[in-house]
Every structure is written in structure tokens, then in C-alpha cells.
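Have a look at the structure below before the remarks.
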Amino acid sequence: QVRLVASGGDSVPAGGSLRLSCSISDYTATGSCMGWFRQVPGKEREAVAMIYGDGGTIHTDSVKGRFTISRDSAKSSLYLQMNNLKPQDTAMYSCAASAPTSTGGTPYFGCRIHYWGQGTQVTVSS
């Protein structure tokens with residue numbers, strides 16, 4: 001059973017930085033995609049960043065140049081470095097991963113996401 005646990009959320013002033021971490025149990029059962037997502041109450045979940053099996057990454061336009069997704073070499077941990085945070089970055093952030101299958105899941109950034117972790121709250125004050 002794949003389990004993802006995110007941590008590192010906090011309350012920071014605008015311009016501050018945070019580093020989110022996600023530990024992935026049974027990561028050998030995951031597919032090639034791992035990503036970070038965020039959601040604000042009343043709005044749809046937004047894909048923030050994705051890292052692919054070949055190490056390639058993609059970031060949504062609103063965070064380009066400020067956020068960086070990465071993972072450890074064993075692929076058992078996922079990170080999101082967030083710099084120059086803005087109040088509009090306030091959200092519940094969660095990590096997710098694909099399964100090694102091309103069916104099912106929810107499509108984001110060319111991947112199908114099957115496993116979701118619980119969120120960690122990021123609050124940015126102006």
C-alpha cells in the first residue's frame with residue numbers, strides 16, 4: 001500500500017521561503033510521476049509541479065522561477081522548495097504519485113495520478 005505523507009507547511013510572511021517534504025512508503029510500487037498539488041477551499045485542486053521518471057520537471061506558470069520540485073535518488077522522498085512566497089500561494093499542499101499503469105487515475109501534466117497524500121497547510125501573510 002503506497003502511502004504519502006507531506007510535511008513542512010507553516011505560516012510565513014510574503015517573500016519568505018519554505019521547503020515541503022513528502023515521504024513515500026513502498027515507493028517501488030509507484031510509477032514514473034510524482035508531483036505537488038495545492039487546493040484552496042471552494043476551488044479546484046491545482047497541479048503545482050511534477051517530476052518525471054527521467055528527472056524532467058514541469059512547474060505551473062504562477063510558480064515558475066520561485067518553486068522547485070526535486071526528489072532523492074531513491075525516489076522515496078519528494079521535495080518542493082518554495083521561495084519568494086506570495087499570499088496567493090496560501091493553500092493546502094499535498095503530494096501525489098502515479099501507479100505503474102496507463103489506466104485509471106486523474107490526469108495532470110501528462111501523468112495519471114493514482115496515489116494521494118494528506119496535505120500540509122501553507123499560509124502566506126501580506
Side-chain angles (χ1 to χ4, degrees):
Q1 180 78 17
V2 175
R3 184 165 176 254
L4 301 99
V5 180
S7 62
D10 204 345
S11 296
V12 296
S17 297
L18 284 173
R19 180 176 169 86
L20 303 184
S21 299
C22 175
S23 63
I24 306 168
S25 68
D26 200 11
Y27 57 90
T28 57
T30 60
S32 59
C33 300
M34 297 177 179
W36 286 97
F37 297 77
R38 64 187 180 187
Q39 190 166 22
V40 175
K43 293 190 175 182
E44 289 189 0
R45 178 189 290 139
E46 177 187 23
V48 176
M50 193 78 69
I51 188 164
Y52 302 99
D54 62 359
T57 63
I58 187 169
H59 299 76
T60 195
D61 287 346
S62 63
V63 308
K64 282 181 181 177
R66 300 188 299 121
F67 291 12
T68 303
I69 189 172
S70 64
R71 67 183 178 209
D72 68 354
S73 57
K75 302 182 183 179
S76 61
S77 294
L78 185 69
Y79 307 100
L80 186 69
Q81 178 66 43
M82 304 188 295
N83 298 325
N84 190 21
L85 282 159
K86 302 177 180 181
Q88 52 265 44
D89 295 320
T90 294
M92 183 71 75
Y93 285 72
S94 59
C95 50
S98 63
T101 176
S102 59
T103 62
T106 306
Y108 290 101
F109 286 153
C111 296
R112 302 197 73 88
I113 300 300
H114 299 83
Y115 304 116
W116 297 92
Q118 101 298 348
T120 185
Q121 179 68 35
V122 172
T123 303
V124 185
S125 57
S126 57

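Under the 4.0 Å criterion applied to side-chain N and carboxylate O atoms, Lys86 and Asp89 are not assigned as salt-bridge partners.
Lys64 NZ to Ile58 CD1: the interatomic distance, rounded to the nearest 0.5 Å, is 6.5 Å. Rounding to the nearest 0.5 angstrom, the gap separating the CE atom in Met34 from the OG1 atom in Thr57 is 14.5 Å. Atoms OG and CD, on Ser21 and Gln81 in that order, are 9.5 Å from each other to the nearest 0.5 Å. Note that the CD1 atom of Ile24 and the CZ atom of Arg71 stand 9.0 Å from one another [nearest 0.5 Å]. Here Glu46 contributes atom CD and Arg38 contributes atom CZ; the two are 4.5 Å apart, rounded to the nearest 0.5 Å. Within the model, atoms CZ of Arg112 and OG of Ser32 stand 13.0 Å from one another, a figure rounded to the nearest 0.5 Å.
Across all non-hydrogen atoms, the minimal contact from Thr120 to Gly9 is OG1-N, 2.9 Å. Shortest non-hydrogen contact noted between Gly119 and Ser94 is CA-CB, 4.1 Å. Taking each heavy atom of Ala47 and Thr60 in turn, the nearest pair found is O-CB, 3.5 Å. Counting all heavy atoms, side chain and backbone alike, Ser125 lies closest to Pro87 at C-CG, 4.4 Å.
Proximity of a side-chain donor or acceptor of Trp36 to a complementary backbone N or O of Tyr79 within less than 3.5 Å is detected. In this structure a side-chain-to-backbone donor-acceptor pair under 3.5 Å is present from Gln118 to Ala6. Within the 3.5 Å criterion, the main-chain N or O of Arg66 finds no donor-acceptor partner in the side chain of Asn84.
Leu80 and Val122 fall within a single hydrophobic cluster, where Ile, Leu, Val, Met, Phe, Trp and Tyr side chains are chained together by heavy-atom contacts under 4.5 Å. Under a hydrophobic clustering in which Ile, Leu, Val, Met, Phe, Trp and Tyr are joined whenever their side-chain heavy atoms come within less than 4.5 Å, directly or via other members, Val48 and Val12 fall into the same cluster. Residue Phe37 is not grouped with residue Leu85 when hydrophobic side chains (ILVMFWY) are merged at heavy-atom distances under 4.5 angstrom, including chains of intermediate members. Residues Trp116 and Met50 share a hydrophobic cluster, clusters being chains of Ile/Leu/Val/Met/Phe/Trp/Tyr side chains in contact below 4.5 Å. When hydrophobic clusters are built by joining Ile, Leu, Val, Met, Phe, Trp and Tyr residues whose side-chain heavy atoms come closer than 4.5 Å, directly or via intermediates, Leu78 is grouped together with Leu20.
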Worksheet entry | Ile69 vs His59, side chain to side chain contact (heavy atoms under 4.5 Å, CB included): CA-CA, chis, key distance, verdict | CA-CA 8 Å; Ile69 189 172; His59 299 76; 3.6 Å; yes

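When side chains are defined from C-beta on, Tyr108 does not count as touching Cys33, because their heavy atoms never get closer than 4.5 Å. At a threshold of 4.5 Å between non-hydrogen side-chain atoms, the residues Arg3 and Asp26 do not count as touching. The shortest distance between side-chain heavy atoms of Val124 and Gln88 does not fall below 4.5 Å.
Between Tyr93 and Phe67, the angle of the ring planes lies from 30° to 60°, which puts this pair in the tilted group.
Using modelled atom types and a 3.5 Å distance limit, the side chains of Thr103 and Thr101 yield a donor-acceptor pair.
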